[in-house]
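Keep in mind the model is a prediction, meaning the values are calculated, not measured. These numbers come from the heavy atoms of this one structure, side chains and all, not from hydrogens, waters or symmetry mates.
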Amino acid sequence: MSPLRWDVLGAALLFSLPVLLLGVTDALSTDEMVDRLPWCLLAGYVASTVLRLVLPAPKPEPPRRRPRRPPPED
């Protein structure tokens with residue numbers, strides 16, 4: 001399982017928004033902001049893993065069989 005799945009990256013972006021906003025408003029220095037961003041990726045990975053464990057994956061549909069044609073009668 002790759003740590004850079006789309007659900008992980010989406011959650012990491014969501015968790016990093018407050019950190020980025022604090023960096024924009026100069027409440028955090030650039031160094032502090034960069035130090036906290038990997039933790040946002042880790043939080044996204046943990047949140048995604050917990051959701052995958054709690055919510056079961058949807059079951060795939062069974063393959064549909066085509067109805068058989070009756071043999072041609074002569």
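Contact record, A11 with G44: CB-CA, 3.8 Å, taken as the closest heavy-atom pair. Closest approach of L28 to V19, counting heavy atoms only: CD1-O, 4.1 Å. Residues F15 and C40 approach most closely at O-SG, 3.6 Å, considering heavy atoms.
Here the straight-line distance linking atom CG of L20 with atom CZ of R36 works out to 12.0 Å at 0.5 Å rounding.
For the side chain to side chain donor-acceptor pair (under 3.5 Å) test, no residue two or more places apart in sequence or in another chain qualifies with D35. Scanning for side-chain contact (heavy atoms from CB on, under 4.5 Å) contacts around A27 gives L22, T25, with sequence neighbours left out. Under the side chain to side chain donor-acceptor pair (under 3.5 Å) criterion, S48 pairs with R5, D7, sequence neighbours left out.
Cluster annotation: V34 and V24 are assigned to distinct hydrophobic clusters (Ile/Leu/Val/Met/Phe/Trp/Tyr, side-chain heavy-atom contacts under 4.5 Å, transitive).
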Under the side-chain contact (heavy atoms from CB on, under 4.5 Å) criterion, do L9 and L41 qualify, and how do the steps go? CA-CA 7 Å; L9 293 176; L41 181 62; 4.2 Å; yes

